[in-house]
Amino acid sequence: MSETEGRPSDPREPVVRLFRDLRTRPTGLSSREAARRLVVYGPNQLVRKARGNWAKELGRQFTHPLALLLWAAAGLAMAAHTAPLAIAIILVIVLNALLAFAQEQQAEHAVETLARYLPAKAKVVRDGGLQVIDAGGLVPGDVLVVEEGDRVSADARMLDGAAEIDLSTLTGESLTAYRSAAFDDHAGPLLQARDLLFSGTTCTGGQARALVFATGMHTELGRIAALSQRVGRDESPLELQVKRVAWLIAIVAVTAGAAVLPVAALVARLPLADAFKFAVGLLVANVPEGLLPTITLALAVGVRALARGGAVVKRLSAVETLGSTTVICTDKTGTLTLNRMSVTDIWTSAGPIRNTGGKWAGLSSSPPLRAVAGAAARCNNAALEPAETGDPTEVALLRMSVSLGESGHNGERRRQFHFDPSLRMMSTVDTVDGTLWVHAKGAPEEVLKRTTMMMTADGATRPIGERDRAEIAKVVDGYASQGLRLLAVARRPLDAGVPLPARREHAEAELTFLGVVAMLDPPRPEVPDAVARCHTAGIRLIVVTGDHGLTAAMIAKRVGIARDRTQVVTGSELDAMTDDELDALLRKGNELIFSRSSPEAKLRIADALRAEGHVVAMTGDGVNDAPALRSADIGVAMGVSGTDVAREAATMVLTDDNFATIVDAVQAGRRVYDNVRKFICYIFAHATPEVIPFLVFALSGGRVPLPLTVLQLLAIDLGTETLPALALGREPAEPGLMNRPPRRRSEGVIQGAMLARAWGLLGGVSAVLVLGAFFGTLLLGGWHPGAATGPGSALHHTWQQATTMTFLGIVVCQIGTAFAARTQSASLRAIGVTSNRLLLWGIAFEIAFAAVVVLVPPFRAVFGTAPPEPAQFVLLLPFPLVVWGADEVWRWRRRRARTRSRNSRPDG
């Protein structure tokens, strides 16, 4: 079979001929034939467009501010006629650029590969039944079923039904287009044919079946290459912050070097070559080479960890934003609850009936009850065979109907008005025993608005009165107060010979009320703990649901969101509020429940919260939720029950639709942000012991030799520092992470307190220890200020041993700094010494690397090291403990001060 065999030359030809050309039938393909065609046509995928210019991306790594700082240092080294040093610095620039480039590519790849967690799905008719398959498995000849919220996954000719289609991905037109199988367009551009659907578009309303005639690169989307499967990489606000700090470091270092160079040469009377050495050392010591790639990798690792936990984040920048979330606006059904509906009670004019263990206790054969079962089965898109498919609510209604002896199979659907989240209703027009009927279901108050009659216990109908409405409202409130989800069911016959209603307002009018169905959707067992974590973390919870207020309040109370005085705001009350009134309500800071809310209300609530400075996470699953998901800082779509439109609009998709996963994602975002601050503190802490030796050299006027060579400095920054810094990016969550309020949106990653700790405490203690080791080695070797230590002098070997002690001193102090930086406030004992295995491996590597630099002759020649005496090695052993211990005492005092502050409060 050739690749084009069976493909129509014109998909607008008569449907009968199209079936013949594609060698298929209205009941669809068999699975066996579909598998064969998949081999012939290949997967229904677009070929990835070429990646961006990798040379340009690599070139960026040579021009960021930290690299520019090193280029300046290399230039100074060349000016000082120290070519080997200049070459070494250039090699550092190249190696660092390659490392950063590789990690950036890995980060992009981490985001791209998340697509496998959420493969696009398609509904097809195969083997005579409805099946849900991966969209990549679609083949020409498949019969595709498209419903509201679905992405159209292939080019197809409509067979029946009608739908509103968003064509913006192909045409750029923002308005939806109406497409119907009733049209028969033979002329004009293919994209304007009103009976064709195209890959890459989305269905925003309606339902249709369509015959697939093109897949993959044979679609219109494939031909014009309008879409790429590649997820772009955004630079996160965190990376932008750090880049600004890098520029600040560069300016400070260059300014300091330019200012101190003449001082060193004129005031300290250093020879020009030594002054240049000092300036080069100052520049190199101020460069945290691994900072930017380490941040990129930490964010990528966070994305992967979230995906494994059930939260697929679509861009790196969202990881950081998650950690500062202050408000979570959550749906109820499927998010706080299991979305496993079961009908527990039915109320009709004949009285209530209860489902007890699968058996109905009551008048299970009354006419109103049979009418409820029949209407619920026909106004329904779910299926029980060969497997349960469809919305959980409709599956529960269909199970109820079957248990009452009604399958709905004796009717033929003529028209459907899909569920409208604003109206909270759905209706169908069906032929039953030769009579046209409108069957409707929806929120009780919405159905009651449209009813003029009600069915009596004997099956007759009579006008519905105010007393009836009051009784029904009382029944609804009673069920809702038990946390049950409620739907009302109604119907009406259509006169013979009357055309089918063209608009839903014509169909959903003058209905006969049949009854109320109450369903139980139990809370997820893990949600109460997640809610408690939100409360301790200072995160506010707002429930925004289309359900009855009493139902939402009861579920919210069961999971711990609602309290006795939690305010419930209905959709009508919200619509009546001015923006100022809504702002005042949200400003109170307490938990709220917005019931009977429309998707437009979600958008209004999200915008109002963000205007108050909150970082908002908003959940949603429907087509109309897309604007709110885009408006929120973190739009959270449901991966199981959500529509394709919602998933595309969201920043994060939950593969399990679970509220607890949102809280886990917030905790992971906080952990990633904390870890970024930890390794920044670790990297910055080494600037002090690296810079001070050069200042000692300069301020002494050369009477004190260089305590550290620039090549040894590079060995520290690139060789021993990098792996522990990367390991700190994988640090487990610190105790109490979710016991502190969210950080402010404006809070910078680098703060004065962090710099004081890094440069002053950790760096200062390290500098004292390192200089002590340096001067101790010199003095024991017979050195005195001003004594010659250059090549050929008697003290040259002693000076090399002293610089080696400085080098090794900084390395071992790094170990103490790494353990200290693992926590910002808790003690090391609280997190465990061995809980970060990667850090232990990183420390093992830096010790091994330092040993190679000091003990292996070729490396000794390059870096100018000389092995110290065994007693001097022993002197270094307590250094890590001293550095860590000083920071441990400082953290202990901070914890003690906070405890005293809390205890001294009037409410403490």
Side-chain angles (χ1 to χ4, degrees), residues 341 343-353 355 360 362-384 390-391 393-420 423-462 464 468 472 475-476 479 485-494 500-501 504 506-519:
M341 301 289 184
V343 176
T344 61
D345 296 86
I346 304 172
W347 184 91
T348 67
S349 58
I353 180 172
N355 184 353
W360 293 95
L363 301 173
S364 59
S365 60
S366 67
L369 193 61
R370 291 199 304 271
V372 167
R378 293 182 179 95
C379 186
N380 199 309
N381 290 318
L384 300 182
D391 180 83
T393 300
E394 295 198 331
V395 170
L397 290 173
L398 199 53
R399 277 202 237 101
M400 172 207 73
S401 298
V402 170
S403 69
L404 290 171
E406 175 62 66
S407 66
H409 292 159
N410 61 335
E412 178 189 355
R413 179 173 296 181
R414 304 291 300 278
R415 180 156 292 174
Q416 171 181 304
F417 298 100
H418 63 86
F419 176 77
D420 188 320
L423 299 176
R424 298 189 293 281
M425 279 194 65
M426 169 190 175
S427 59
T428 58
V429 181
D430 310 281
T431 300
V432 182
D433 299 330
T435 302
L436 276 177
W437 289 86
V438 174
H439 297 108
K441 70 175 189 290
E445 58 268 35
E446 297 297 332
V447 173
L448 280 170
K449 287 180 185 176
R450 296 161 175 80
T451 57
T452 57
M453 308 289 285
M454 76 177 293
M455 181 176 283
T456 61
D458 60 1
T461 59
R462 63 172 174 80
I464 189 169
D468 298 317
I472 294 169
V475 168
V476 166
Y479 284 140
R485 192 178 189 197
L486 303 169
L487 286 175
V489 183
R491 71 180 186 182
R492 77 177 173 100
L494 297 176
L500 293 177
R504 71 182 312 149
H506 299 152
E508 297 167 355
E510 299 181 349
L511 297 171
T512 297
F513 184 85
L514 302 178
V516 175
V517 179
M519 290 169 284

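Just so we're clear, the structure is a prediction, and the values are computed from it rather than from any experiment.
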Measuring from atom CG of Leu436 to atom CG of Asp430, what distance do you get when rounded to the nearest 0.5 angstrom?
8.5 Å
Sequence neighbours excluded, which residues qualify as side chain to side chain donor-acceptor pair (under 3.5 Å) partners of Thr451?
none
Sub-3.5 Å donor-acceptor pair from the side chain of Arg492 to the main-chain atoms of Ala509, do we have one?
yes
Do Lys449 and Glu508 meet the salt-bridge criterion of a basic N to acidic O distance under 4.0 Å?
no
With sequence neighbours left out, the residues meeting side-chain contact (heavy atoms from CB on, under 4.5 Å) with Pro501 are Val429, Leu494, His506, Ala507
Minimum heavy-atom distance between Ala375 and Leu514, given as atom pair plus value:
CB-CD1, 3.9 Å
Residues at least two apart in sequence or cross-chain that pass salt bridge (charged side-chain N to carboxylate O under 4.0 Å, His left out) with Arg414, listed by chain then number, are none
Is there a donor-acceptor pair under 3.5 Å between the side chain of Ser349 and the backbone N or O of Met455?
yes
If you measure from OG1 on Thr431 to CZ on Arg413, what distance do you get to the nearest 0.5 Å?
12.0 Å
Using the side chain to side chain contact (heavy atoms under 4.5 Å, CB included) definition, which of the options His439, Glu412, Arg491 pairs with Val432?
His439
Applying side-chain contact (heavy atoms from CB on, under 4.5 Å), can you list everything that pairs with Met426, at least two apart in sequence or on another chain?
Cys379, Asn381, Glu394, Gln416, Phe419, Thr428, Lys441
Using side-chain heavy atoms (C-beta onward) and a distance below 4.5 Å, is Ile472 in contact with Trp347?
yes
Shortest non-hydrogen contact from Asn380 to Leu398?
ND2-N, 3.8 Å
From Arg415 atom CZ to Leu500 atom CG, the distance as rounded to the nearest 0.5 Å
5.0 Å
For Asp420, check side-chain contact (heavy atoms from CB on, under 4.5 Å) against everything at least two apart and list the hits.
Ser422, Leu423, Arg504
For the student: nearest non-hydrogen atoms of Phe513 and Ala490, plus distance:
CA-CB, 4.2 Å
Interatomic distance, Ile346 atom CD1 to Met519 atom CE [nearest 0.5 angstrom]:
10.0 Å
Using the side chain to side chain contact (heavy atoms under 4.5 Å, CB included) definition, which of the options Leu397, Val447, Val343, Val516 pairs with Leu487?
Leu397
Kindly compute the distance separating OG (Ser401) from CZ (Arg370), expressed to the nearest 0.5 Å.
13.5 Å
Distance check, rounded to the nearest 0.5 Å: Leu369 atom CG versus Thr348 atom OG1?
6.0 Å
Under the salt bridge (charged side-chain N to carboxylate O under 4.0 Å, His left out) rule, collect the residues that match up with Arg450, sequence neighbours excluded.
Glu446
Step-by-step side chain to side chain contact (heavy atoms under 4.5 Å, CB included) determination, Met341 to Val395:
CA-CA 8 Å; Met341 301 289 184; Val395 170; over 6 Å; no
Side chain proximity check, Pro352 to Tyr479, heavy atoms < 4.5 angstrom
yes
